[in-house]
Amino acid sequence: MKPRIEVRGAGIRFGALQVFRGIDLEVGEREVVAIVGPSGCGKTTLLRCINGLIPLTEGEITIEGEPLAAPREGVAMVFQHFGLFPWKTVFQNVAYGLRLAGASRAEIADKAQKFIDVVGLTGFENYYPYQISGGMQQRCGLARALSVAPRVLLMDEPFGAVDAQTREILQFELLSIWETRPTSMVFVTHAIDEAVLMGDRVLVLKGSPSAVHEVVDVQLPRPRNRATLLHPRFAELREHVWQTLMADARKAEFKVTQ
Amino acid sequence: MPRRNWILYATMFASLALGAAAWELAGHLTSDAFWAPLSTTLKSLGEVVHNGVLLRQAASSFELYLTGLALAVVVGAPFGVLLARITWLRVALEDYIMMLYATPMVALIPFILSMMGFGFAPKVLVVFLFAVFPVLYNTVEGARSVRPELIEVAHSFRSGEWALWRDVMIPYTLPFAMTGIRQAIARGLVGMVAAEFFLSPSGLGQMIMMGSQNFDTASMLAAILIMVLLGVGLMDIGLYLEKRFAAWRGYNP
């Protein structure tokens, strides 16, 4: 079966700065690939390339067999800082993607409400983003992405801006939402345990310019839930990725910019 | 709290009453040609209200003012967003805009007079020039400060340029444009009086000029008083509009 997302020899160069090069990646129809790496390794940039927001300087991306040139129908992104419009209510924010996709008024009312319910924001439809917590804002961002029925879901450190407890709650809710409507998902994070918990595979980016250092085949049973955290293999993989990344992390932290 | 409010209101009214008393006293202590007492001013105001002069002159001023202000908003706000979206256009025009914004517009009036003469159009142009730059400047700066992430969200959801204006640029920029419009409301009023003084005399400006030339200080002060009330009222409307459109900014002024 052909993978839904195919990345071949992807590279990005901004002027003199080569951010990453030679990245290959395939994501199947019901597969989650987590990308983990130190800050500045270009993992978020790679995700934007897969969304079609930034063109690659080398290599090629195809989605559902078609070469990518601009943002495609059927691909939706959840943003690190939520990306909600502060002048729109929760309902209007969720409805945004549907409206741009040209859905009818009745369809928007129906679907937006459905996904507001799915992410647990029922009763908060008429709140503005500044009136609700960060966790609730990201639930809204997730509902907006889900409402367009994406076949590819791109997650850009979606829980990086919420507190630790909310983050855990949202991780497990996302896992259970994904179980009921599995799609291709690319999950970018700098948290190693999150990468192992979410991914069927974990792509470890490293180096400068960064490249794929290792692809970890997770092979933890699904559905994943809190019990997954107690699985011996979870601890083993987390430790393995930690060793891979952390040896360099201290070097990176103490590096002085020339 | 109610007690505190009461004290604040009492202080405000005492201050206004003291000002009115000082006005009255100053009038009685000097000649009428120099400074008319409040009572004489109000009597003169009553006369011009009664014989219809005030209504006619105020209507004439208002027509000029609103035409100039409306043009400034209709031109300034959309052009401001356009300049924020099209970098080369902004870079090309930015210096001219700054120069004109910094120029005291009164200095241009003799030039406008020699170019366009005494009609209604040159006066509207003066009000427009006074009012347009704060709208334009605030709109450009506002539209440029839109969070890049929001534009990225729009592109990610496959928004076209027009939908981007409708859903992102205009709602985001509106509070900034309103700040500019509030400044334009005040500057347009200056432009209105300047146009009525230095181009063909008309409206409230003409009333002030005539009162001054006839040593009729009372009617001059009456016209000025009306203008003050007009200015205060318009500023309040501007503030209300600004707050109304910035409700969502409540947490992040």
Side-chain angles (χ1 to χ4, degrees), chain A residues 44-45 47-55 68-90 92-103 126-134 137 140-141 144-145 147-148 150 152-157 161, chain B residues 73 77-78 80-81 84-85 87 135 138-182 238-253:
Chain A
T44 289
T45 307
L47 198 70
R48 276 161 171 64
C49 292
I50 298 173
N51 197 185
L53 291 169
I54 305 173
L68 183 71
R72 275 172 63 90
E73 180 274 326
V75 181
M77 173 125 93
V78 174
F79 292 81
Q80 183 181 5
H81 299 289
F82 322 137
L84 300 181
F85 299 115
W87 51 87
K88 287 184 192 287
T89 62
V90 166
Q92 291 165 339
N93 268 295
V94 175
Y96 177 72
L98 289 164
R99 256 182 71 211
L100 284 184
N126 296 319
Y127 282 64
Y128 286 93
Y130 73 92
Q131 295 172 305
I132 59 179
S133 70
Q137 290 185 45
C140 181
R144 177 174 64 185
S147 69
V148 295
V152 171
L153 201 50
L154 304 175
M155 311 292 275
D156 179 20
E157 299 194 36
Chain B
V73 173
V81 180
R85 290 293 298 159
T87 308
V135 179
N138 281 285
T139 308
V140 175
E141 291 306 304
R144 284 184 65 191
S145 73
V146 60
R147 274 165 55 206
E149 194 194 26
L150 295 182
I151 294 180
E152 203 166 50
V153 168
H155 284 151
S156 174
F157 281 97
R158 297 158 35 89
S159 171
E161 181 71 14
W162 157 237
L164 181 73
W165 277 54
R166 182 194 61 200
D167 297 321
V168 186
M169 297 310 295
I170 292 175
Y172 182 87
T173 311
L174 216 48
F176 297 93
M178 285 314 304
T179 304
I181 290 172
R182 195 160 58 83
L239 258 175
Y240 167 78
L241 288 175
E242 194 177 348
K243 278 194 191 137
R244 164 83 184 68
F245 285 111
W248 59 266
R249 278 208 304 187
Y251 68 111
N252 179 25

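Keep in mind the model is a prediction, meaning the values are calculated, not measured. Numbers restart at 1 for each chain; the letters A, B, ... are given by sequence-line order, proteins then strands. Excluded from the calculations below are hydrogen atoms, water molecules and symmetry mates; all remaining heavy atoms, backbone and side chain alike, are included.
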**Q** Less than 4.5 Å to any heavy atom of chain B: does that hold for the side chain of A:Tyr96, its backbone, both, or neither?
**A**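 Looking at A:Tyr96, just its side chain touches chain B.
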**Q** Between chain B and each of A:Lys88, A:Arg144, A:Gln92, count heavy-atom pairs under 4.5 Å; write down the option with the most.
**A**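 Among A:Lys88, A:Arg144, A:Gln92, the one with the most close pairs to chain B is A:Arg144.
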**Q** Which pair of non-hydrogen atoms, one from B:Ser156 and one from A:Leu53, has the smallest distance, and what is that distance?
**A**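 Answer, listing the atom of B:Ser156 first, then A:Leu53: N-CD2, 3.7 Å.
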**Q** Do the side chains of A:Arg48 and B:Glu152 get nearer than 4.5 Å, heavy atoms only?
**A**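 Contact flag for B:Glu152/A:Arg48 side chains = yes.
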**Q** Between A:Leu100 and B:Ser159, what is the shortest heavy-atom contact and its length?
**A**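 Taking every non-hydrogen atom into account, CD1-CB, 3.7 Å.
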**Q** Is the shortest heavy-atom distance from the side chain of A:Pro86 to the side chain of B:Leu150 under 4.5 Å?
**A**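 Answer yes - side chains close enough.
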**Q** Using a cut-off of under 4.5 Å for heavy-atom pairs, which of A:His81, A:Met77, A:Gln80 has the most such pairs with chain B?
**A**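 Sorted descending by pairs with chain B, the first entry is A:His81.
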**Q** Should A:Phe85 and B:Val168 be marked as a side chain to side chain contact (heavy atoms under 4.5 Å, CB included) after you check the CA-CA gap, both sets of side-chain angles, and the distance that decides it?
**A** CA-CA 8 Å; A:Phe85 299 115; B:Val168 186; 3.6 Å; yes
**Q** Can you give me the closest heavy-atom contact between A:Leu84 and B:Arg147, atom names plus distance?
**A**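 Heavy-atom minimum between the residues: O-NH1, 4.5 Å.
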**Q** Closest approach of B:Arg158 and A:Pro71, non-hydrogen atoms and distance?
**A**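 Shortest heavy-atom separation between B:Arg158 and A:Pro71 comes out as NH1-O, 3.3 Å.
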